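Here the structure is a predicted model, which means the values were calculated and not measured. Side chains are part of it too, since the values below use all heavy atoms of this structure and drop only hydrogens, waters and symmetry mates.
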Amino acid sequence: MAISHDILVAGSNLSFRGGFFGFSSIVLVRFDGAAPLLFDTGHHATRGLLLAALGARGLAPSDIGTVVLSHLHFDHINNADLFPDARFVVSNEELRYAAAPAPDDLYVPGPMVDWLRQRDLQRIDGDGELLPGLMHRAAPGHTPGQQMLTYVDAEERRVTLAGDAVKTYRELADQSLDLEFDPEQRGAATLRWIAANSDVIVPGHHPELRRTNSGWTWDIPTSLELIVR
């Protein structure tokens, strides 16, 4: 089964004093002969961008067959309600964590997590094959139950849809996570695995990274026009 991915909404690490805008990557994954899959859904600030990106590809929310949620922070799940007919996939460990997050983790949206718990969830653990050729892998660090997706594309490149297992290039280069809520502090080990086993990485809050002979590279980030009234 041929697999490809397409970034619908590009993640960014744009922040302001005291907070951040929370624009996370939203990735469409396509398969031959199967309904497309969405990796993360973003939040309300990017809702219009997501719908427009789907429409530009001839898709409606009802065309998405599966939604995989990397973890249960607001900037990755708050548009989940756009896909009521989709199968949702989330890790058991992340569901347990979201019920009692770390005291300094301010980013778990209780009402949306409750909405998800009422869906017909596919709960996963550890590593495994989600669909033929598409693997899910535990990626603890940012949260203890985070999951990422991996596959090999038509050019034989190892692709990792990382979510916040790699938020930015700096985390990959430094092999150190910001905002690590995993009590076992496994983020560095996850980063090492990603760096050693990927040729293409889609981070949670950074443009897509590609391995070259001289190191990792990426395209110029999409500009964001801020309108102040």
Side-chain angles (χ1 to χ4, degrees), residues 11-13 15 18-27 38-43 67-78 80 88-117 121-130 134-151 158-198 201-206 209 216:
S12 78
N13 55 15
S15 61
F20 75 108
F21 288 100
F23 293 174
S24 64
S25 299
I26 306 175
V27 187
L38 205 63
F39 183 63
D40 285 341
T41 67
H43 72 107
V67 175
V68 178
L69 299 173
S70 62
H71 64 297
L72 296 177
H73 280 166
F74 81 96
D75 52 320
H76 295 258
I77 72 169
N78 269 14
F88 283 88
V89 180
V90 66
S91 80
N92 276 308
E93 180 62 27
E94 188 67 7
L95 285 165
R96 288 191 290 269
Y97 173 74
D104 55 342
D105 185 348
L106 308 178
Y107 310 110
V108 177
M112 183 54 71
V113 173
D114 290 341
W115 182 87
L116 286 167
R117 290 184 189 277
L121 292 176
Q122 179 179 346
R123 302 173 184 232
I124 55 176
D125 288 298
D127 306 340
E129 189 171 43
L130 188 64
L134 183 68
M135 311 302 293
H136 68 85
R137 182 177 178 85
H142 181 54
T143 64
Q146 184 168 236
Q147 287 271 332
M148 56 190 176
L149 298 180
T150 66
Y151 74 94
R158 300 165 299 170
V159 178
T160 298
L161 309 182
D164 282 1
V166 178
K167 292 190 287 296
T168 64
Y169 168 72
R170 187 192 60 75
E171 290 189 339
L172 188 69
D174 292 349
Q175 294 286 284
S176 177
L177 275 181
D178 291 331
L179 296 175
E180 184 166 10
F181 299 114
D182 176 22
E184 298 181 34
Q185 300 289 290
R186 292 170 287 178
T190 294
L191 284 165
R192 287 194 297 271
W193 188 94
I194 294 170
N197 292 278
S198 306
I201 301 170
V202 180
H205 295 274
H206 191 277
L209 299 169
W216 293 97

> Is the backbone of Pro140 close enough, under 3.5 Å, to the side chain of Thr190 for a donor and an acceptor to pair up by distance?
Replying inline: yes
>> Once rounded to the nearest 0.5 Å, what's the spacing between atom CZ of Arg117 and atom CZ of Arg123?
In response: 6.5 Å
>> Looking at His206, is its backbone amide N or carbonyl O close enough to the side chain of Thr168 to form a donor-acceptor pair, meaning the two atoms are under 3.5 Å apart?
In response: no
> His43: what forms a ring pair (Phe, Tyr, Trp, His ring centres under 6.0 Å) with it, not counting sequence neighbours?
Replying inline: Phe74
>> For a quick test of reading the model, state the closest non-hydrogen atom pair linking Ala165 to Leu191 and the distance between them.
In response: O-CD2, 3.4 Å
>> Please evaluate residues Ser70 and Asp40 with respect to the criterion side-chain hydrogen bond (donor to acceptor under 3.5 Å, both in side chains), reporting the C-alpha separation (whole Å), side-chain torsions for both, the decisive distance (0.1 Å), and the verdict.
In response: CA-CA 6 Å; Ser70 62; Asp40 285 341; 2.8 Å; yes
>> Can you tell me how far apart CG (Leu149) and CG (Leu130) are? Round to the nearest 0.5 Å.
In response: 6.5 Å
>> Within the 4.5 Å heavy-atom criterion, are Asp178 and Glu171 side-chain neighbours or not?
In response: yes
> Within the distance-only criterion (no hydrogens, no angle test), does the side chain of Gln147 pair as donor or acceptor with the backbone N or O of Ser91 below 3.5 angstrom?
Replying inline: no
> How many angstroms lie between CZ in Arg192 and CD in Gln175, if you round to the nearest 0.5 Å?
Replying inline: 7.0 Å
> How long is the gap from OG on Ser25 to CD1 on Ile201, to the nearest 0.5 Å?
Replying inline: 12.0 Å
> Considering only heavy atoms from C-beta outward, does the side chain of Tyr107 approach that of His142 to under 4.5 Å?
Replying inline: no
> Counting N and O atoms only, with roles assigned by atom type, does the side chain of Tyr97 sit under 3.5 Å from a partner on the main chain of Asp182, one being a donor and the other an acceptor?
Replying inline: no
> Would you say the side chain of Lys167 lies within less than 4.5 Å of the side chain of Leu177, judging by non-hydrogen atoms?
Replying inline: yes
> Does His205 use its side chain to pair, donor to acceptor, with the backbone of Phe23 at less than 3.5 Å?
Replying inline: yes
> Which pair of non-hydrogen atoms, one from Ala102 and one from Phe181, has the smallest distance, and what is that distance?
Replying inline: CB-CD2, 4.3 Å
>> If I take atom CZ from residue Arg137 and atom CG from residue Asn197, how far apart are they, to the nearest 0.5 angstrom?
In response: 7.0 Å
> Can you name the nearest heavy-atom pair linking Asp127 to Ala138, along with the distance?
Replying inline: OD1-N, 2.9 Å
>> Using a 3.5 Å distance criterion without hydrogens, assess whether the side chain of Glu94 forms a donor-acceptor pair with backbone atoms of His71.
In response: no
> After noting the C-alpha distance and the side-chain angles of Asp164 and His73, does the key distance pass the side-chain hydrogen bond (donor to acceptor under 3.5 Å, both in side chains) rule?
Replying inline: CA-CA 10 Å; Asp164 282 1; His73 280 166; 5.0 Å; no
> CE/Met112 to CD1/Ile77 distance, rounded to the nearest 0.5 angstrom?
Replying inline: 6.5 Å
>> Taking the side chain as everything from C-beta on, heavy atoms only, tell me whether Leu72 gets closer than 4.5 Å to Leu116.
In response: yes
> Between Thr41 and Ala80, what is the shortest heavy-atom contact and its length?
Replying inline: OG1-N, 3.3 Å
>> Quick check: do Met148 and Ile194 have side-chain heavy atoms less than 4.5 Å from each other?
In response: yes
